[in-house]
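Written out below as structure tokens is the structure these notes cover.
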Number of protein chains: 2
Amino acid sequence: MNLSRASELVPVLEQDIVTGVLKPGQKLDEAMLAKRFHVSRTPVREALGKLAASGLVEIRPRRGAIVATISLRELMNMFEMMANLEGICARYAARRITPEEKLELAAAQEACAALATSEQYDDYYDKNMLLHNLIYKTSHNDFLEKQTQDLRLRLSPYRRLQIRIPGRLKSSSDEHGKLVDAILKGDAKLAEKLTRDHVAIQGERFTDVLATLPSNYVQASA
Amino acid sequence: MNLSRASELVPVLEQDIVTGVLKPGQKLDEAMLAKRFHVSRTPVREALGKLAASGLVEIRPRRGAIVATISLRELMNMFEMMANLEGICARYAARRITPEEKLELAAAQEACAALATSEQYDDYYDKNMLLHNLIYKTSHNDFLEKQTQDLRLRLSPYRRLQIRIPGRLKSSSDEHGKLVDAILKGDAKLAEKLTRDHVAIQGERFTDVLATLPSNYVQASA
DNA sequence: AAATCTTTTATTGTATACAATTTGCTAAAT
DNA sequence: ATTTAGCAAATTGTATACAATAAAAGATTT
């Protein structure tokens, strides 16, 4: 169906950005990207335009594209939004989960827990993402699911730093346990509250994240 | 700053779509648009790509762009999301509103109420939008504000039909009154609940909206 | 006459060409 | 030595050219 060159570039660049291969603030030279993908500048520009619309790339008129940087204020706003979106997903998940989904969810949670006492951060990161995606899906609202995933994607360059903080894996996994229980029991209110608290960056954790944030990841002015 | 041709087209086309000048399903011929705006196809394509990323336009590979159509299921999902987003805005607004904003909010509410008993639907539509936008802004979360506005924009081709239903103006305005009171009092919980109920399309209202929906506005398959 | 196949036309997607602006460099001046 | 001015090179934004695909029209067959 979608065999256009431009649309093939989007997910590749997206992946490079969210995994940190291309870092916030880094210049995205059109000619360079054209060479890398063996296409002309035209599809490259189209791809960059789409990434800009999704917020991962920033296009400064006549001055080229860079991987989007975020001000501290924006970052806080986005994390706040994320906590709310995931909370909504959990609430609907608790109300709408099917018997088959209950099995999947329990399995995903156990996969996470199994890695919680290890120090395999990348593996935990992946399993953790699967669990969260599963909850989004269980909301049975495709639009909500996509919006939540999109925001998670946009935050991932910043989120990846967070998980490495000592002791975070264990406490994260413990919170998952309670959350999944709430969803399985159909307690929507509790599921929403637990999720919001789980995702929100508050108090000490916030300063921890700030401290580990490379200075070029955020804009100078707030 | 932003003097590129392509970026000038985006808001114009956007406006045409949300106001219904260009209707869902309608073909967007590149050559025609190029002629209309006195530019080549290149900036037209870039503009269409961006509108596609924001969801207002649908690009079918090798078959051109159309104004996005939405399946009934998607429409329900989007209205559900909208109710939640506005609810979050109201909750934060109640917690964060400043004294100056209290005055603005009260004024905006009264402007709405003044038109509630009239049949000036378009005027009410505008004042209503101002009030809602003000609440988004009062959330003091720019990201949440923008996401909520974007979704409202996307829904506006469908929402405009809704307000014409007899008696809707008055009941909408009454709900506003209670909502604004809750925000002014700082009752975040109540503000969120009232907003969700206000925005959500439920029960009879849902079938009313369905009945007034032109069949070509929605996709055949659900 | 209806349906299917072939040919023509139109439209999309990509590459290249060119104009406009910005950036980097060199040189002069304070 | 640092700053400023002017020039050169590189880069962006738009237009045009061309190739690939889809839509439309016409011809042929049943």
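Model, not experiment: these values are computed from the prediction. Naming: A, B, ... by sequence-line order, numbering from 1 per chain.
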Would you mind reading off the distance between [X] atom [atom1] and [N] atom [atom2], rounded to a whole angstrom?
| X | N | atom1 | atom2 | value |
| --- | --- | --- | --- | --- |
| Leu33(B) | dA15(D) | CG | P | 14 Å |
| Lys27(A) | dT23(C) | NZ | P | 9 Å |
| Glu8(B) | dG13(D) | CD | P | 13 Å |
| Glu30(B) | dA22(D) | CD | C1' | 14 Å |
| Glu46(B) | dA15(D) | CD | P | 11 Å |
| Leu9(B) | dT14(D) | CG | C1' | 12 Å |
| Leu48(B) | dT11(C) | CG | C1' | 13 Å |
| Leu28(A) | dG13(D) | CG | C1' | 17 Å |

Nucleotide of [options] approaching [X] most closely (side-chain heavy atoms):
| X | options | answer |
| --- | --- | --- |
| Arg63(B) | dT12(D), dA23(D), dT14(C) | dA23(D) |
| Arg45(A) | dG13(D), dT16(C), dT12(C) | dG13(D) |
| Arg62(B) | dA17(D), dA20(D), dA15(C) | dA20(D) |

Judged by nearest nucleotide, the residue sitting upstream toward the 5' end of DNA chain C, Arg41(A) or Ala6(A), is Ala6(A)

Hey, does the side chain of Thr42(B) come within less than 4.0 Å of dT14(D)'s phosphate (OP1/OP2), counting only N and O? no

| said: Side chains of Gln120(B) and Tyr125(B) only: does a donor on one sit below 3.5 Å from an acceptor on the other? | reply: no

- Message: Using side chain to side chain contact (heavy atoms under 4.5 Å, CB included), reason through Leu85(A) and Arg152(A) one step at a time and then give a plain yes or no.
- Response: CA-CA 10 Å; Leu85(A) 287 182; Arg152(A) 174 166 269 266; over 6 Å; no

- [ ] For salt bridge (Lys or Arg N to Asp or Glu O under 4.0 Å), just list the numbers for Lys137(A) and Glu101(A), CA-CA rounded to whole Å, side-chain angles, deciding distance to a tenth of an Å, and then say yes or no.
- [x] CA-CA 10 Å; Lys137(A) 191 180 179 60; Glu101(A) 286 170 335; over 6 Å; no

Taking five pairs at each terminus, the helix from dA1(C)-dT30(D) to dT30(C)-dA1(D) shows an axis bend, to 10°, of 10°

### Query
Could you walk me through whether Glu119(B) and Tyr124(B) pass the side chain to side chain donor-acceptor pair (under 3.5 Å) check?
CA-CA 8 Å; Glu119(B) 292 199 345; Tyr124(B) 184 85; over 6 Å; no

(message) Salt bridge or not between Asp142(A) and Lys146(A)? Use side-chain N to carboxylate O under 4.0 Å.
(response) no

Without swapping roles, check the side chain of Lys23(A) against the backbone of Gly20(A) for a donor-acceptor pair under 3.5 Å.
yes

Q.
Less than 4.5 Å apart, side chain to side chain, heavy atoms only: is that true for Thr138(B) and Glu104(B)?
A. no

task = Name the nucleic acid region contacted by Ala31(B), choosing base, sugar-phosphate or nothing; use a 4.0 angstrom heavy-atom cut-off, strictly under.
result = nothing

